[in-house]
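All residue numbers refer to positions in the sequence shown, counting from 1. In this text the structure is predicted, and so the values were computed from the model without any measurement.
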Amino acid sequence: MKNLLITLVIFTGYALSTNAQTDYRQWEVGNYKVRMGQEDMFEKGLAAHNKKFHSAAPYKIGVSKCMSGPSSGQYTLVLGPVTFSQIEGRPAGVDHDSDWNKNVMPYVESEGEGSYWRQNDEASYNPTGSDKFTKSRLRFFTINPGQMDRFKELVKMVSEVYKAKNYKAAYNVYIRYGASQGPHAAAEIFMDSWAYLDIPNTFQKDYEEVHGEGSFQKFQDDYEIAIDRTKTYDELNVWKPELGSN
């Protein structure tokens with residue numbers, strides 16, 4: 001009986017702490033492939049819908065269009081940041097659903113898998129003005145079993161280089177919520193112009209200046225342990241504020 005009571009206390013405490021965790025930043029993400037030649041109508045309906053029904057936090061929606069990678073040509077809708085406690089309060093009802101079904105979905109050829117992504121605060125770097133950036137490179141990672149902690153430490157060290165060297169691009173990491181075959185994480189470089197990608201790459205030198213001589217080799221070795229490189233891929237995206245809530 002004593003062991004049972006201890007187990008119940010531990011389980012109850014865990015449940016309460018889990019239910020009370022609402023301090024994370026999470027986004028609901030969905031991809032949409034638009035019918036050929038229907039992009040203008042889709043964008044018009046989407047922009048009007050978001051401004052009418054998603055004008056207030058935490059249910060604001062951001063929209064991007066993919067330029068390269070597996071989702072090329074598709075639109076990504078990002079709702080949030082929103083916690084699971086807030087999800088059920090999202091805009092809904094006859095007016096909302098009717099507008100969506102009438103003015104957006106007729107121009108959609110297919111809808112991708114929905115997913116939830118949480119920001120890894122320890123690997124975040126957002127310089128002044130980055131909230132206005134509209135270009136991003138997303139790198140998706142499949143994490144090897146048991147290696148998520150190692151991965152988080154690696155991207156934290158990358159973020160520290162961005163901060164120490166005052167890079168002009170933002171760097172943020174997101175972890176996918178829930179079990180999946182991958183990708184499990186994504187690192188986003190946010191920039192104001194694609195020209196940022198043409199800047200000479202000094203990351204290895206900068207990394208060792210921040211973390212010490214020889215540290216980059218250890219970084220690479222741990223990187224090989226943590227992720228499945230055969231499943232790593234990039235996507236370039238253009239964010240379209242005019243289609244979102246703002």
Side-chain angles (χ1 to χ4, degrees), residues 21 23-27 29 64 66-71 78 81 115-177 179-239:
Q21 184 186 355
D23 60 344
Y24 54 86
R25 289 171 59 80
Q26 173 179 265
W27 287 264
V29 179
S64 68
C66 186
M67 295 174 54
S68 69
S71 299
V78 180
S115 56
Y116 292 90
W117 294 81
R118 293 189 182 184
Q119 184 167 322
N120 180 2
D121 292 334
E122 291 188 335
S124 296
Y125 168 72
N126 294 284
T128 302
S130 60
D131 58 323
K132 303 299 183 183
F133 293 173
T134 59
K135 311 294 191 300
S136 79
R137 189 211 72 186
L138 272 169
R139 175 160 293 171
F140 292 90
F141 303 97
T142 295
I143 311 300
N144 288 324
Q147 294 299 319
M148 181 59 78
D149 287 345
R150 187 190 301 269
F151 173 79
K152 288 182 177 179
E153 184 61 27
L154 289 171
V155 292
K156 176 183 175 183
M157 296 179 78
V158 170
S159 178
E160 289 172 356
V161 176
Y162 272 70
K163 295 174 184 176
K165 295 299 181 178
N166 295 313
Y167 283 2
K168 301 305 181 184
Y171 179 81
N172 289 284
V173 175
Y174 307 94
I175 307 300
R176 187 174 182 175
Y177 178 86
S180 73
Q181 294 181 345
H184 307 114
E188 182 175 45
I189 298 176
F190 233 142
M191 62 205 89
D192 65 347
S193 169
W194 293 124
Y196 182 84
L197 297 177
D198 286 334
I199 297 175
N201 187 349
T202 62
F203 183 75
Q204 179 175 345
K205 178 177 72 69
D206 294 343
Y207 189 94
E208 296 210 343
E209 287 179 358
V210 173
H211 296 296
E213 185 177 352
S215 59
F216 190 73
Q217 183 60 55
K218 184 179 187 309
F219 172 84
Q220 289 184 308
D221 292 342
D222 284 343
Y223 193 85
E224 294 291 338
I225 296 172
I227 71 165
D228 184 344
R229 290 180 65 91
T230 67
K231 297 179 181 178
T232 300
Y233 63 92
D234 289 354
E235 290 184 348
L236 298 180
N237 297 278
V238 176
W239 285 87

What's the separation between atom CD in Gln147 and atom CG in Leu154, rounded to the nearest 0.5 Å? 9.5 Å

Side chain to side chain, [X] and [Y], heavy atoms closer than 4.5 Å:
X	Y	answer
Lys163	Tyr171	no
Phe141	Pro183	no
Ile175	Met148	yes
Leu197	Met191	yes

I need the single residue from Val173, Asn144, Asn120 that forms a side-chain contact (heavy atoms from CB on, under 4.5 Å) with Phe151. Which is it? Val173

Partner of Gln26 by side-chain contact (heavy atoms from CB on, under 4.5 Å), out of Tyr177, Tyr174, Trp117: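 With Gln26 as partner, side-chain contact (heavy atoms from CB on, under 4.5 Å) holds for just one option, Tyr177.
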
Scan for salt bridge (charged side-chain N to carboxylate O under 4.0 Å, His left out) pairs involving residues 115-129, sequence neighbours excluded, and state none if there are none. none

So which pairs with a foot in residues 123-132 pass salt bridge (charged side-chain N to carboxylate O under 4.0 Å, His left out), sequence neighbours left out? none

Who pairs with [X] by side chain to side chain contact (heavy atoms under 4.5 Å, CB included), at least two apart in sequence or on another chain?
X	value
Ala170	Asn126, Pro127, Ser130, Asn172, Phe190
Met67	Trp194, Leu236, Val238
Asp206	Val161, Lys165, Tyr167, Thr202, Glu209

Which side-chain N or O atoms in residues 212-227 pair as donor and acceptor under 3.5 Å with protein atoms at least two apart or in another chain?
residue	atom	partner	partner atom	Å
Ser215	OG	Gly212	O	2.6
Gln217	NE2	Asp221	OD1	2.9
Lys218	NZ	Asp222	OD2	2.7
Asp222	OD1	Arg150	NH1	3.1
Glu224	OE2	Arg229	NE	3.4

Below 6.0 angstrom between ring centroids: does that apply to Tyr233 and Phe140? yes

For Ala169 against Tyr162, the heavy-atom pair lying closest together: O-CD2, 3.7 Å

